[in-house]
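In what follows, a structure is listed as structure tokens, so that the remarks can point back to it.
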Amino acid sequence: ISHGITAGYDNPHSLVSAVSTTYSKAYGVGFSMNNVQRKADRFTVNLSSPLATTSGSMTLDLPSDVDINGNLVRTQRQISLASPAREYRTEIAYFTPLSKTTALSINITHRQNANHMARETEQIAMMNYHISFD
């Protein structure tokens, strides 16, 4: 579990005129088993949620108009920095040696609310063949 706090700041002479204190969280848990089907193989399951901002805001000082005397009129707009959705990630991996110099690994990953965007999903499958040269 990771919990972060980033201090806010004020800068009245900038486009970003203020940022509030922001809070972020991440967590994960993993399970691993050895010698499942063969000697020295490894089966792993990881469940995690990557780092995401849970609260905080930014104030923008935007030029919005020009008055009758030609002076720039500015408008402040506050934007939330909190992630719109929490990403959840499930990863399953299997590694097995095939000989003294070769091995095979298979990884499957599912991401729900990928990149912290609601209803975005992503699936990844990967297979690696490892060869060691002596």
Side-chain angles (χ1 to χ4, degrees):
I1 297 174
S2 297
H3 177 72
I5 301 171
T6 305
Y9 66 87
D10 291 319
N11 186 355
H13 304 293
S14 175
L15 175 65
V16 178
S17 60
V19 175
S20 71
T21 299
T22 59
Y23 296 87
S24 55
K25 289 183 182 175
Y27 54 88
V29 62
F31 305 95
S32 183
M33 294 173 41
N34 294 327
N35 303 319
V36 178
Q37 294 290 323
R38 305 173 63 163
K39 184 177 179 180
D41 72 349
R42 205 169 39 246
F43 178 74
T44 307
V45 176
N46 291 306
L47 306 171
S48 64
S49 183
L51 188 67
T53 302
T54 56
S55 67
S57 64
M58 171 175 37
T59 303
L60 297 175
D61 190 13
L62 303 169
S64 59
D65 203 357
V66 177
D67 68 15
I68 196 163
N69 297 322
N71 299 315
L72 191 60
V73 176
R74 303 180 79 78
T75 302
Q76 286 194 338
R77 182 173 176 195
Q78 192 166 10
I79 298 171
S80 173
L81 296 176
S83 299
R86 162 88 42 202
E87 178 178 327
Y88 298 101
R89 189 178 296 172
T90 304
E91 299 173 86
I92 299 171
Y94 181 72
F95 172 86
T96 186
L98 301 174
S99 70
K100 288 182 179 183
T101 60
T102 62
L104 180 68
S105 65
I106 300 169
N107 298 57
I108 299 170
T109 302
H110 172 75
R111 295 171 61 203
Q112 185 64 37
N113 298 330
N115 299 319
H116 305 291
M117 302 301 292
R119 295 177 300 283
E120 292 292 322
T121 61
E122 180 179 75
Q123 292 78 33
I124 302 165
M126 179 174 46
M127 182 183 298
N128 292 308
Y129 182 72
H130 309 263
I131 301 173
S132 298
F133 297 99
D134 292 329

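- Residue pairs satisfying the ring pair (Phe, Tyr, Trp, His ring centres under 6.0 Å) criterion with at least one member in residues 71-129, sequence neighbours excluded, are listed as follows: F95-H130.
- Side-chain contact check for S32 versus R42: some heavy-atom pair is nearer than 4.5 Å.
- Residues near V73 contribute nothing to a hydrophobic cluster around it, because no ILVMFWY side-chain heavy atom sits closer than 4.5 Å to its side chain.
- Distance check, rounded to the nearest 0.5 Å: OG of S17 to CG of N11 gives 8.0 Å.
- Looking at residues two or more places apart in sequence or on another chain, you find a side chain to side chain contact (heavy atoms under 4.5 Å, CB included) between S99 and T101, T102.
- Partners of Q78 according to the side-chain hydrogen bond (donor to acceptor under 3.5 Å, both in side chains) rule, which considers only residues two or more places apart in sequence or in another chain, are S57.
- Side chains of P84 and M117 form a contact here, defined as non-hydrogen atoms less than 4.5 Å apart.
- How far OG of S49 is from CD1 of I1: 11.0 Å, rounded to the nearest 0.5 Å.
- Here ring pair (Phe, Tyr, Trp, His ring centres under 6.0 Å) pairs that include residues 26-82, with residues two or more places apart or in two chains, number zero.
- Looking only at side-chain heavy atoms (C-beta outward), N34 and V36 stay at 4.5 Å or farther from each other.
- Contacts of A85 classified as side chain to side chain contact (heavy atoms under 4.5 Å, CB included), with partners at least two apart in sequence or in another chain: N113, A118.
- Between N35 and A40, the shortest heavy-atom distance links the atoms OD1-N, 2.6 Å.
- Annotation for L98 and L104: closest pair CD1-CB, 4.0 Å, computed over non-hydrogen atoms.
- Shown here are the side-chain hydrogen bond (donor to acceptor under 3.5 Å, both in side chains) partners of T75, two or more places apart in sequence or in another chain: S64.
- Cluster partners of I5 are Y23, counting Ile, Leu, Val, Met, Phe, Trp and Tyr whose side-chain heavy atoms approach within less than 4.5 Å, directly or via other members.
- When all heavy atoms of G56 and S20 are compared, the pair lying nearest together is CA-OG, 3.3 Å.
- Pairs engaging residues 107-117 under the salt bridge (charged side-chain N to carboxylate O under 4.0 Å, His left out) rule: E87-R111, R111-E122 [sequence neighbours left out].
- Contact annotation: the side chain of R86 approaches that of T54 to within less than 4.5 Å [non-hydrogen atoms, C-beta and beyond].
- Of the possible donor and acceptor atoms, none in the side chain of N69 sits under 3.5 Å from a partner among the backbone N and O of N71.
- Heavy-atom contacts from other residues, nucleotides or ligands closer than 6.0 Å to CD of Q37 number 12 or fewer.
- Of all heavy-atom pairs between N46 and G30, the closest is OD1-CA, 3.2 Å.
- The local environment of CD1 in I131 is crowded, with over 12 non-hydrogen atoms from other residues, nucleotides or ligands closer than 6.0 Å.
- Alongside I79, the hydrophobic cluster contains Y9, L15, V16, V19, M58, L60, L62, L81 (criterion: ILVMFWY side chains under 4.5 Å).
- A donor-acceptor contact shorter than 3.5 Å is absent between the side chain of S48 and the backbone of P50.
- Applying the salt bridge (charged side-chain N to carboxylate O under 4.0 Å, His left out) test to residues at least two apart or on different chains, the pairs with a partner in residues 68-80 are D61-R74.
- Sorted pairs that involve residues 19-41 and meet salt bridge (charged side-chain N to carboxylate O under 4.0 Å, His left out), not counting sequence neighbours, are lacking altogether.
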